[in-house]
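A short write-up of the structure that comes next.
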Amino acid sequence: MRQRWSAAALLLVAAAGHCQAFTPAARSTCTCTPASTRAGRSNGLACRALKEPQSEEELRSAIATKNEDLSRMDKDRLQSFAAADEEFLAELLKERSYLSIVTEKAVETVDSLLTAGKGGDANAPATGVKPKVIVLGAGWASHAFLKGIDTDMYDVTVVSPRNFFLMTPMLAASAVGTVEFRSITEPIRNVNLGANYIEATCTAIDSDSQEIVCENVVCEGTSCTIEDFRLPYDHLILAVGATSNTFGIPGVREHCIFMKQVTDADKLRRAIGNCFERANLPTLSDEQKQAVLTFVVVGGGPTGVELTAELRDFIEQDVPRFYPNLVKFVRIKLVEASDRVLMAFDEELQAKALRDLTERSTTLISQGFIKEEMTEVMLNVGVKEITDTTISLSTGETMPYGLCVWAAGNGPLPLVVEAIDQISEQKEKAGWGRGRLVTDDWLRVKGAKGVYAIGDCGVVDQRPLPQTAQVAAQQGSFLARLFSRGYNLNAPVPEKTGGAKALSEQLGLSSDKSGKFAKGFSFMNLGILAYTGGGNALAQVQVDNQRVKGTGAAGFFLWRSVYMSKQVSWRNRILVAIDWTKARLFGRDIVRF
Ligand SMILES: Cc1cc2nc3c(=O)[nH]c(=O)nc-3n(C[C@H](O)[C@H](O)[C@H](O)COP(=O)(O)OP(=O)(O)OC[C@H]3O[C@@H](n4cnc5c(N)ncnc54)[C@H](O)[C@@H]3O)c2cc1C
């Protein structure tokens, strides 16, 4: 009971922050009482608090009045609400200790299982028709959202040009044949059988009419037709990810292979085979063979480093068997514009990564295939231009190459750029969002009612997070919980208006002890991992101010265990385990179709 009243006081203090903006009738309920000061607010805010309600009915009616008034408030007033209620919001958004986040996430996982389908109808229109939720994309963020969303409450449609989820962290391994493409993909229809899936690309968002414009390309034989159509939404979840950033460097788009989709990995796998077959032709000089077998990876982030490591493994473990005479011509160059690789790791691990890539003892030297290390990491070197045969570097050097993979960072998709341009609030924040849609702490796109951005295409205002699968998946689950647990997402702070009480709320684990208001999204860093080749990997876990680190075989064991556990289905787990075993026993598959 005591808890209920202090929660009520909190709630009413929240309402008090905008008392001055209320209608005269509402304002008349504002008084300054000792009880409100007892509720823990000794600042000016408490002095504007409503008197404590005397009964549950009174409490309900106070909440109803507050909601009514909130919904009438214009944007400026909402902003003043946020400013006046800083303390209340800070409670909901405050940084928590690692242990409390771990506990909370664990309880939330149990919650999701227990309360699925019992959320209530906070966002349902008065007609009783299920609200239409459209999810754009079939990646990490949408996969997590689809797993958590209750399709008894919402009419959910996924629109994506790709009808499968892709386990991106294993893309590099699939490009050299360590695992197969089909082992790291999962049909998106499998994720939530209650959701509809439409294979199409969203080309525009009409936020006035709350519709999206889609395009579907159907090809039969040699002719293709394009079908355009529109879909209405009540809630639009943007989870379209990002694209590769070429920074406008000439020749990148035309001559490089990107590392985003299965089709890219497939292209790379063919290109690697192509380089070896070309170099094996009797007409090529030694110099030409070396040029064709120079593999360049641009970008020293996790994608670039892992790809370099996988390439090196492939060349060390499989090439001597198939192309013994070509091993000596192979060169791998990792080009990075800054002075370090793997920025997110600490310096000790960055140095270890460099050693693993370039100084690790290789059987190729001991067996006499090569005299010196074939991998070079070129730091502080930028790419200026790429032609079909050469790469011009910032050092003035021109490097001949056989294939070049561009893994130099993310850029926004045209759909996101257009959305930012159309929404004035987004335009104002464009410098800060840097090509991502800026959201509030509940992942609602600022300035666009009913639109949400999760994963790589969004960024929480003033709380930037890295563009990773971990963040995307946690945001997808978080948003699905808000939807499925009956929070009113139109309220300034999403407020629970129906449905079952979640376990975390019952246990008092939410910031707002009443469990009425949704906490803002908080990211739980499960750690970062990177494969550095030859059975070595780096692992770094941040627990509050402490960093736990692992390298070498221990890191590799952790890396494989995590990748295995993060597979989205048992089918994938079994297929990946078989692929790893197959590659170990029989070597990688180099057949090209
Ligand atoms: C090679 C590689 C390795 C990585 N390794 C790691 C790692 O080890 N750990 C980690 O945490 N992160 C890793 N990442 C990053 C991680 O993959 C991304 O952060 C994550 O995929 C983002 O998820 P998302 O849902 O936002 O976007 P994505 O997973 O990219 O999904 C976007 C979806 O949107 C669809 N789409 C695009 N445009 C439209 C449109 N107009 N209309 C409809 N649908 C559209 C796409 O087809 C796709 O289905 C890696 C990324 C890559 C490329």
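Note that ligands are numbered from 1 as they come in the structure, with each ligand's atoms numbered from 1 the same way.
- Judged by distance alone, with hydrogens and angles left aside, the side-chain atoms of Glu186 form no donor-acceptor pair with the main-chain N or O of Val191 at under 3.5 Å.
- Side-chain atoms of Glu215 never come within 3.5 Å of backbone atoms of Asp228 as a donor-acceptor pair (strictly under, hydrogens ignored).
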**Study point:** Pair Glu199-Arg162, side-chain contact (heavy atoms from CB on, under 4.5 Å): steps then yes or no
**Key:** CA-CA 7 Å; Glu199 192 169 289; Arg162 196 177 86 188; over 6 Å; no
Practice item. For salt bridge (charged side-chain N to carboxylate O under 4.0 Å, His left out), just list the numbers for Lys446 and Asp461, CA-CA rounded to whole Å, side-chain angles, deciding distance to a tenth of an Å, and then say yes or no. Key: CA-CA 9 Å; Lys446 293 200 161 188; Asp461 202 2; 2.8 Å; yes
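- Between Phe521 and Phe478, the ring planes are perpendicular. Angles over 60° get that label, and only those under 30° would be called parallel.
- For ligand 1, the 4.0 Å heavy-atom shell takes in Gly137, Ala138, Gly139, Trp140, Ala141, Val159, Ser160, Pro161, Arg162, Thr168, Pro169, Leu171, Thr201, Cys202, Ala239, Val240, Gly241, Met259, Thr303, Leu413, Leu415, Gly455, Asp456, Gln467, Thr468, Ala469, Gln470, Ala472, Tyr563, ordered by chain and residue number.
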Check your understanding: Could you walk me through whether Glu336 and Ser338 pass the side chain to side chain donor-acceptor pair (under 3.5 Å) check?
Key -> CA-CA 6 Å; Glu336 165 57 44; Ser338 77; 2.8 Å; yes
